[in-house]
Amino acid sequence: MVTYIVRRLLTAALILLGASFLVYLLTAASGDPLEEYRAINAANKQQLMDARTELLQLDVPPPLRYFKWLGGAAQCLVPFAGTCDLGKNIVGQPVTDALGHALVQTLTLVTGATVLAILIGITLGIITALRQYSALDYGVTFMAFLFFSLPIFWVAVLLKEFGAIGFNNFLRNPEIPLATAIGIGLVLGAVIAVAVGGELKRRVLAGGVVFLFVAAILIYFSATEWFKTPGLGPVLIAIAGVGLAFAVTLLTAGLKNRKALQSSLIAVGVGVVLYFVVQPLLDQATFLMIVLLGVATVLVGLGIGYLVGGYDRGQSMRAAAITSFLVGFMVLLDRFMQAWPSYFNNSRVRGRPIATIGASTPNIEGDFWVLGLDTFTHLILPTLALILISLASYTRFTRASMLEIMNMDYIRTARAKGLTERTVVMRHAFRNALIPIATIVAFDIGGLIGGAVITESVFSVRGMGFLFLDGISHVDPNPVMGVFLCVAITAMVFNLIADLAYSALDPRVRVKA
Amino acid sequence: MSQPSQQDEIMAEEAALPQPPAAGIEPVLEAKGLSQGQIVRKRFLGHSGAIIGLVVFAFIFILAFTSVGYLGIPGWWKYNHEQVSPLVNDGAPTSSLWPLAWGEHPFGQDRIGRDLFAMTMRGAQQSITVMIVIGLIAGLIGVVVGAVSGYFRGWAEAILMRLTDVIIIIPALLLAAVMAQMAGRRDSGSWFSAFASTNGVLALGIFLGLISWVSLARLMRGEFLSLREREFVDAARISGASNARIIFKHILPNAVGVLIVNVTLTMSAAILTETALSFLGVGVKAPDTSLGLLISQNQQAFSTRPWLFWFPGLFIVLICLSINFIGDGLRDAFDPRQKKFNAKKAKDAERKPEPAPVTALDGPGDR
């Protein structure tokens with residue numbers, strides 16, 4: 001195992017050396033960094049050219065410059081020495097600084113999108129696999145192909161137009177006409193009726209309930225101007241929490257496990273009580289505090305599950321922990337919604353909250369909640385675009401993997417010995433279907449940092465892709481090399497992790513030592 | 001999960017696969033003594049999604065290449081993509097569905113009066129050209145590299161696979177940018193820049209083809225590695241077949257399914273790559289046009305002239321979608337484990353009166 005890893009790392013280092021040499025030469029050969037000065041007619045033209053030549057060492061031929069750069073980059077391997085030197089970019093800023101800033105921007109952009117895409121994609125894939133050849137399956141398959149064929153810059157411009165400008169116009173006067181409310185309800189009801197499956201009566205019933213529910217909620221929202229002063233409130237949290245408790249118990253333990261259901265419901269009750277307790281605390285929130293509260297919520301859930309116990313204590317603990325985490329999330333959402341009016345009326349925002357470019361409103365001031373909302377409203381469009389694009393492959397892959405597993409002999413055995421369908425799907429099939437998905441996910445995370453160049457350029461986020469494009473257009477090898485190093489190293493490390501994870505998860509696969 | 005009884009039925013039906021054909025699953029065609037090619041063709045033609053994709057693609061192909069002309073041959077459309085004509089109806093599209101009319105400028109005009117239909121068709125030509133060139137080059141190099149490294153193993157494999165490793169981590173964007181810069185320097189007088197400045201899109205296609213063969217090569221290597229250990233290869237070797245004969249006559253025909261499917265998928269990805277590169281300004285350059293470039297040029301004008309944005313995007317999506325469906329159909333056709341499922345037959349054959357869990361909607365049936 002160790003020999004395998006060492007050998008892989010050595011090969012990776014060699015490949016990295018070769019590729020970085022090529023990238024450096026290519027960037028250096030791609031143009032003339034002094035071109036903008038050659039064209040101007042300023043008196044100090046020669047001075048400017050000399051200064052830049054000195055800064056970028058243009059008098060040294062590119063292959064030699066590469067080895068100088070390599071010498072600086074090699075110092076990054078010395079841990080904690082702080083002598084990391086990736087050179088300077090064309091305006092004299094150290095690349096390491098620019099890289100750090102860009103990395104933060106890119107990670108905030110892609111992390112949420114990837115996590116959501118993976119979650120939604122895997123869920124959709126499993127549902128479509130369980131209902132192979134249903135109308136839902138065909139619909140999702142078609143959507144997957146469609147999303148797969150969409151150019152992201154096109155989607156991004158559409159989202160900007162309809163998502164941002166349209167929604168902002170709507171928010172100015174948030175009234176939903178009765179006909180629109182009923183129309184949205186009808187569409188959603190029809191979708192649910194198709195998706196539910198089963199007998200006609202069951203479909204019509206489900207569709208009708210959804211139609212009434214959605215239409216009523218929209219009319220209520222319109223009447224109370226909910227979109228101007230949104231909020232959930234303890235009552236809604238309690239109702240939704242009970243629903244979630246049932247759903248989580250159904251998935252993790254089965255409704256027959258009464259103890260698990262009890263512990264989830266107790267977790268919801270505790271959550272609603274704590275809603276009132278934490279409100280003053282949340283007013284002084286910091287990011288660290290939210291994380292700590294999140295951990296505390298899960299611990300409380302685990303504690304409730306432990307105390308309620310039952311014949312399978314682990315299941316109760318799991319159900320209660322997941323439920324309490326979700327309830328805690330709703331409390332957080334409610335607090336963000338409470339901050340919405342003050343964000344909406346902020347002098348920098350001026351009632352147009354959904355932003356189309358950048359990563360934050362310039363010069364905005366406010367507490368944690370307002371700043372958080374600002375980040376969200378800037379992230380929502382690029383995140384949506386990224387999710388739409390990357391959803392398709394996860395759905396298709398999960399579906400294929402799940403279908404293959406569902407045809408395995410051990411699934412038949414599991415059914416034959418009388419296990420419930422929930423146990424068969426969640427315990428036997430789902431976990432095994434996740435093995436190939438785990439490698440794909442590791443692979444994708446490796447490619448994340450460099451994968452959002454176009455999204456970043458459309459939404460003007462100054463992340464890694466921006467740094468890269470900017471470097472290329474200015475014929476400036478150092479930032480390009482910095483981005484390349486980050487992207488290549490993460491890709492290679494995650495490739496290795498993917499291989500190791502595969503052999504760890506699937507005992508039939510062994511790495512050659 | 002929400003409906004155990006019905007789920008059970010479907011699962012039970014699928015679990016009982018080794019049995020003779022279950023409801024709706026058509027009997028295996030191999031029994032009739034058809035050749036591999038006939039089976040594949042029959043399966044492909046039975047795949048409605050793929051056939052629709054093929055028809056749509058053929059329609060776009062013919063429309064794009066006959067309307068504005070290609071390689072100097074004039075087309076039947078009255079404008080070309082560079083020609084400026086006076087604005088009709090303030091540039092709005094003149095085509096309408098009811099009554100069905102074509103009009104003077106069916107897709108509208110841009111700000112200075114160029115005909116968007118001509119520009120879109122020209123862009124579609126470019127995209128299709130790039131796609132085909134990439135498919136051909138990537139397929140060829142991928143097969144050769146994959147076959148050599150998978151069949152001969154040893155140092156050839158080591159070198160070629162390290163080469164693919166290096167190429168796979170160099171960003172395509174950088175390579176395209178370098179190429180665009182080199183093509184842009186017409187004054188330097190090298191043969192490359194002369195070629196690239198006259199045949200911009202061809203050069204781009206060749207270039208992208210030269211870097212997008214790597215995943216194909218890896219796949220083909222995997223196929224060759226597993227096929228060369230099979231008995232029929234041993235048999236051929238014992239009876240004295242040369243390496244070339246084994247590769248071309250015995251292994252390659254067995255790997256051709258994987259090859260064709262993945263070339264198709266590479267091609268559909270290639271269209272998106274080309275449009276993305278043109279969008280970023282390093283692909284096709286003005287005065288020539290491409291679908292990505294059209295969107296890039298017109299994205300600011302969305303609120304005033306939305307049609308400039310809709311039609312090129314629509315064509316990208318249509319081309320890419322039809323290629324994806326064709327690829328899906330090919331994958332099903334070449335996959336021997338595939339069972340063609342016919343919803344109507346399943347309904348008829350169902351022993352219980354309860355309706356099958358499938359509506360008669362005929363979409364892309366796939367596995």
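Only this structure's heavy atoms are used, side chains among them; waters, hydrogens and symmetry mates stay out. To find a chain, count down the sequence lines: A is the first, B the second, and so on, and within it residues start at 1.
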S.K.: Check whether any side-chain heavy atom of A/Arg396 lies under 4.5 Å from a side-chain heavy atom of B/Asp328, and answer yes or no.
M.R.: yes

S.K.: Counting only non-hydrogen atoms closer than 4.5 Å, does A/Met408 touch chain B with its backbone (N, CA, C, O), its side chain (CB onward), both, or neither?
M.R.: neither

S.K.: Sort out for me which of B/Ile167, B/Thr275, B/Leu163 touches chain A most, counting heavy-atom pairs under 4.5 Å.
M.R.: B/Thr275

S.K.: CG of B/Leu272 to CD1 of A/Ile152: how many Å apart, nearest 0.5 Å?
M.R.: 10.5 Å

S.K.: Check B/Asn324 against A/Phe148 and note the closest heavy-atom contact, atom names and distance.
M.R.: ND2-CD2, 3.4 Å

S.K.: Between A/Ser20 and chain B, which part of the residue has a heavy atom less than 4.5 Å away: side chain, backbone, both or neither?
M.R.: neither

S.K.: Tell me, side chain or backbone of B/Leu175 under 4.5 Å from chain A's heavy atoms, or both, or neither?
M.R.: side chain

S.K.: Among A/Leu158, A/Val155, A/Val424, which residue forms the greatest number of heavy-atom pairs with chain B at distances under 4.5 Å?
M.R.: A/Leu158

S.K.: Measure B/Ile295 against the heavy atoms of chain A and call it side chain, backbone, both or neither at under 4.5 Å.
M.R.: side chain

S.K.: Sort out for me which of A/Ala12, A/Pro151, A/Gly18 touches chain B most, counting heavy-atom pairs under 4.5 Å.
M.R.: A/Pro151

S.K.: Is it the side chain or the backbone of A/Ala488 that comes within 4.5 Å of chain B heavy atoms, both, or neither?
M.R.: side chain

S.K.: Heavy-atom cut-off 4.5 Å, strictly under: side chain, backbone, both or neither for A/Leu136 against chain B?
M.R.: neither

S.K.: Which one wins on heavy-atom pair count under 4.5 Å against chain A: B/Ala276, B/Ser296, B/Pro312?
M.R.: B/Ala276

S.K.: Looking only at heavy atoms, what is the nearest atom pair of B/Val317 and A/Trp154, with distance?
M.R.: CG2-CZ3, 3.9 Å

S.K.: Which answer fits A/Phe468, side chain, backbone, both or neither, if we ask what part of it has an atom under 4.5 Å from a heavy atom of chain B?
M.R.: side chain

S.K.: Would you indicate whether the side-chain heavy atoms of A/Phe153 and B/Leu280 approach each other to under 4.5 Å?
M.R.: no

S.K.: Using non-hydrogen atoms and a 4.5 Å limit, figure out which bit of A/Leu22 sits close to chain B: side chain, backbone, both or neither.
M.R.: side chain

S.K.: Select one option (side chain, backbone, both, neither) describing which atoms of B/Leu265 are under 4.5 Å from chain A's heavy atoms.
M.R.: neither

S.K.: Given side chains that start at C-beta, do those of B/Arg162 and A/Leu14 come closer than 4.5 Å, heavy atoms only?
M.R.: no

S.K.: To check you understand the geometry: which heavy-atom pair defines the closest contact between B/Phe279 and A/Val458, and what is its length?
M.R.: CE2-CG2, 3.7 Å

S.K.: Report yes if the side chains of B/Ile169 and A/Leu16 come closer than 4.5 Å at any heavy-atom pair, otherwise no.
M.R.: yes

